[in-house]
Amino acid sequence: MNKERTTDSGIPVKPFYTIEDVGASYAENPGQFPFTRGVQPDMYRGKLWTMRQYAGFSTAAESNKRYHYLLSQGVMGLSVAFDLPTQIGYDSDHPLADGEVGKVGVAIDSLEDMRHLFEGIKLEEISISMTINSTAYILLALYVALAREQGADLKKLQGTIQNDILKEYAARGTYIYPPKPSMRIITDIFEWCSSELPKWNTISISGYHIREAGSTAAEEIAFTLSNGKAYVQAALAKGLDIDVFGKRLSFFFNAHSNLFEEVAKFRAARRRWAEIMKEMGAKDPKAMMLRFHTQTGGSTLTAQQPLNNISRVTIQTLAAVLGGTQSLHTNGYDEALSLPTEQAASIALRTQQVVAYESGVADTADPLAGSYFVERLTEQMIEKVNEIMKKVDALGGAVSAIEQGFVQEQIATSAYRFQKKVESKEKVIVGVNAFQSPGTDQIPRLQVNDNIQTEKIVGLTELKKSRDRSAVEAALLEIGRSVKGTKNIMPAVIDAVEKYCTLGEIADVLRKEFGEYK
């Protein structure tokens, strides 16, 4: 029982900590640079974090029903999951979409689908987050077109597009174009939104998928902040003002079950990002603030004894809140088996509400500050993060490190080490390698209609017959001209979706120009 203990990032944990372990720790208050203790002076006393639920499956109409249900249960914002064809720029009638339409998210082909997705929901009144990367520019255009149709003031729209392509090359795989043209698309979005959608978060730089792929907590932060630096450098090279676009950068992190390491991770990430932005020329404190959304750890959920996942999600919720998140999605207990049922989604939301209203952790900012353990762990996390980021910088930065395979190799190595610990029972996973139960839990599963693709193809065929073909062709040609030159592509893409060009048609214009990344 007295053997050496470490966090999941390999940071040694002592039997106990004293004031000598803390040393000259930062003494700033919440809301002050470098924001270790949070980005707001009063944190959740002023306003609770945004309670989101990530949802999207089947058709736009089916997803819309789930959104209305979640809103009726008290969610404050919606997060949209898209199916794989939508994520990689294929319409539902494309041969490569066979068998995948509507399966891991909602299928969106056109403005007509977007209209059904948000029917009865006023976009000006609710914050929408869209987990989309390669085709983020198209989904944003569809969203803007629908908002205009609703008569919304674009200056008031609040939400986020993930728009983080670098982590796709490193950890997830839903990329289309090569890295450099992909970065051009992202900076076009930064530029267009800075004047047209000033309250919109133009990127959610994601550590979540890096962690899901098997990284440690320290690697999650180091690789994510390195990616963030690359986006800032690309925007600066385009001539954008860091104090303008810097305020619209947001981050997306994972919350795992090692409570204190996760809290230290979030505190460390805020401090390092503030320092990085200051070094890169930011003068406005708001451009130095690391604001982030958190999702509880999907890879931590088990198919064995799935009700135990409620406890895991509760611990992870506490980690996110004690770490100072601005927005949170909690996973359903059944997500190792299927997309969440309404019951599972409701319990996940109630977990956030119990923590917010019953636990007392939201009553004061950074309640774990001053803990000898947490303060020392925060410092050690920063040391680990700096060590990894120096290796990335030595390879020429995030884009170069990804192109050379360094990031992918590090993640794969960490995933392998973790799995070996599980197999040797050095790492206990309750219900999986210890405390197992005979038999299986009978958990109801969400069933997705297998006829979705057929329905979608019928709809697409009707749409293409009814639209103005010459207007469609002219709009697609204009996107091609914008891509070939230096014009911002967003106005042409918005015009195209308003003329009912489909997602696949627009993505193909850029495929032709940029090629596909292999």
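When a residue number appears, it is its place in the shown sequence, counting from 1. Basis for what follows: all heavy atoms, side chains included, without hydrogens, waters or symmetry-related copies.
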Can you list, pair by pair, the side-chain donor-acceptor contacts under 3.5 Å of residues 121-130, counting residues two or more places apart and other chains?
| unit_1 | atom_1 | unit_2 | atom_2 | d |
| --- | --- | --- | --- | --- |
| E124 | OE1 | D153 | N | 2.7 |
| S127 | OG | R52 | NH1 | 3.4 |
| S127 | OG | R52 | NH2 | 2.5 |

> Can you find a heavy atom in the side chain of T50 that is under 4.5 Å from one in the side chain of Q326?
Replying inline: no

> With a 3.5 Å cut-off and no angle check, do the side chains of Q295 and N331 form a donor-acceptor pair?
Replying inline: yes

> Can you tell if the side chain of I479 reaches within under 4.5 Å of the side chain of I506, non-hydrogen atoms only?
Replying inline: yes

>> Please find the pair of heavy atoms, one from N64 and one from F118, that lie closest to each other, and give the distance.
In response: ND2-C, 3.7 Å

>> Donor-acceptor pair, distance only, cut-off 3.5 Å: does the side chain of H329 make one with the backbone of Y54?
In response: yes

> Residues two or more places apart in sequence or in another chain: which of them pass salt bridge (Lys or Arg N to Asp or Glu O under 4.0 Å) with E168?
Replying inline: R172

> What are the two closest non-hydrogen atoms of S92 and A97, and how far apart are they?
Replying inline: O-CB, 4.0 Å

> Roughly how far apart are S226 OG and K391 NZ, rounded to 0.5 Å?
Replying inline: 12.0 Å

>> Tell me which pairs pass salt bridge (charged side-chain N to carboxylate O under 4.0 Å, His left out) where either residue lies in residues 482-492, with sequence neighbours left out.
In response: E478-K487, K484-E513

> Where do T224 and Y208 land on the side chain to side chain donor-acceptor pair (under 3.5 Å) test, with the steps shown first?
Replying inline: CA-CA 9 Å; T224 305; Y208 183 85; over 6 Å; no

>> With salt bridge (charged side-chain N to carboxylate O under 4.0 Å, His left out) as the rule and sequence neighbours excluded, what pairs involving residues 276-292 come up?
In response: K247-D284

>> So, applying ring pair (Phe, Tyr, Trp, His ring centres under 6.0 Å) with F292, which one of F251, F252, F266 is it?
In response: F266

> Roughly how far apart are T86 OG1 and I132 CD1, rounded to 0.5 Å?
Replying inline: 6.5 Å

> Less than 4.5 Å apart, any side-chain heavy atom of R445 and any of T341?
Replying inline: no

> Looking just at side-chain N and O atoms, do S400 and Q404 make a donor-acceptor pair shorter than 3.5 Å?
Replying inline: yes

>> Looking only at the aromatic ring of each residue, does the gap between the centers of W200 and Y143 stay below 6.0 angstrom?
In response: yes

>> For the CD1 atom of I186 and the CD atom of E191, what is their distance to the nearest 0.5 Å?
In response: 14.0 Å

> CG of L146 to CG of L142: how many Å apart, nearest 0.5 Å?
Replying inline: 9.0 Å

Run the side-chain donor-acceptor check on residues 71-79: report pairs under 3.5 Å with partners two or more places apart or on a different chain.
| unit_1 | atom_1 | unit_2 | atom_2 | d |
| --- | --- | --- | --- | --- |
| S72 | OG | Y69 | O | 2.5 |
| Q73 | OE1 | R350 | NH2 | 2.4 |

>> Using every non-hydrogen atom in the two residues, find where L117 and S63 come nearest and quote the distance to one decimal.
In response: CD1-CB, 3.7 Å

> Does E473 come within less than 4.0 Å of R469, counting only side-chain N to carboxylate O?
Replying inline: yes

>> Going by salt bridge (charged side-chain N to carboxylate O under 4.0 Å, His left out), name the pairs with one or both residues in residues 192-208, residues two or more places apart or in two chains.
In response: none

> Sub-3.5 Å donor-acceptor pair from the side chain of N488 to the main-chain atoms of M490, do we have one?
Replying inline: yes

>> Using a 3.5 Å distance criterion without hydrogens, assess whether the side chain of R270 forms a donor-acceptor pair with backbone atoms of F35.
In response: yes

> Just wondering, do I138 and I108 contact through their side chains at under 4.5 Å, heavy atoms?
Replying inline: no

>> I'd like to check the ring pair (Phe, Tyr, Trp, His ring centres under 6.0 Å) partners of Y137; sequence neighbours left out, ordered by chain and number.
In response: none

>> Tell me whether K155 at atom NZ has more than 12 heavy atoms from other residues, nucleotides or ligands lying less than 6.0 Å away.
In response: yes

>> Set out, in order, the CA-CA distance, both residues' side-chain angles and the distance that settles side-chain contact (heavy atoms from CB on, under 4.5 Å) for L70 and E342, then state yes or no.
In response: CA-CA 9 Å; L70 291 170; E342 275 195 4; over 6 Å; no

> Does any non-hydrogen side-chain atom of I88 lie less than 4.5 Å from one of T135?
Replying inline: no

>> Looking only at the side chains, is there a donor atom on one of Q316 and T300 sitting less than 3.5 Å from an acceptor on the other?
In response: yes

> Is the shortest side-chain N to carboxylate O distance from K456 to D109 below 4.0 Å?
Replying inline: yes

>> Just so I know, are the side chains of L140 and L197 near enough to count as touching, which here means a heavy-atom distance under 4.5 Å?
In response: yes

> Are K465 and E462 close enough for a salt bridge, meaning some N to O gap below 4.0 Å?
Replying inline: no

>> Would L301 and Y333 count as a side-chain contact (heavy atoms from CB on, under 4.5 Å) here? Give the steps.
In response: CA-CA 7 Å; L301 303 181; Y333 66 83; over 6 Å; no

> Any side-chain donor-acceptor pair under 3.5 Å between Q162 and S204?
Replying inline: no

>> My understanding is that only residues two or more places apart in sequence, or in another chain, count here; which of them pass salt bridge (Lys or Arg N to Asp or Glu O under 4.0 Å) with K167?
In response: none

> S194: what forms a side-chain hydrogen bond (donor to acceptor under 3.5 Å, both in side chains) with it, not counting sequence neighbours?
Replying inline: none

> Can you name the residues that form a side-chain hydrogen bond (donor to acceptor under 3.5 Å, both in side chains) with Q408, not counting sequence neighbours?
Replying inline: none

> Can you find a pair of side-chain heavy atoms, one from L249 and one from V232, that are under 4.5 Å apart?
Replying inline: yes

> Could you give the distance from CE (M288) to CG (D243), rounded to the nearest 0.5 Å?
Replying inline: 7.0 Å

> Just by distance, do the side chain of N227 and the backbone of S206 share a donor-acceptor pair under 3.5 Å?
Replying inline: no

> Considering all heavy atoms of both residues, which atom of G102 and which atom of A107 are nearest to each other, and what is their separation?
Replying inline: N-CB, 4.1 Å

> Do Q53 and T330 pass the side chain to side chain donor-acceptor pair (under 3.5 Å) test, and can you show the C-alpha distance, the side-chain angles, and the key distance before you say yes or no?
Replying inline: CA-CA 7 Å; Q53 285 306 109; T330 34; 3.1 Å; yes

>> I'd like to know if the side chain of Q87 pairs up with that of N133 as donor and acceptor (distance under 3.5 Å, no hydrogens or angles considered).
In response: no

>> For a 4.5 angstrom cut-off between non-hydrogen side-chain atoms, does Y44 reach W49?
In response: yes

> Which heavy-atom pair separates T294 from T325 by the least distance, and what is that distance?
Replying inline: OG1-OG1, 2.7 Å

>> For the CH2 atom of W273 and the CE atom of M280, what is their distance to the nearest 0.5 Å?
In response: 7.0 Å

> What residue pairs, at least two apart or across chains, pass side-chain hydrogen bond (donor to acceptor under 3.5 Å, both in side chains) with a residue in residues 499-510?
Replying inline: D91-T502, R115-Y500, R467-E505, D495-K499, T502-E505, D508-R511

>> Minimum heavy-atom separation for I402 and L166, please, with both atom names.
In response: CD1-O, 3.4 Å

> Is a side-chain donor-acceptor pair under 3.5 Å present for Y67 with E119?
Replying inline: no

> D98 and Q453: side-chain donor and acceptor closer than 3.5 Å?
Replying inline: yes

>> Going by salt bridge (charged side-chain N to carboxylate O under 4.0 Å, His left out), name the pairs with one or both residues in residues 73-85, residues two or more places apart or in two chains.
In response: none

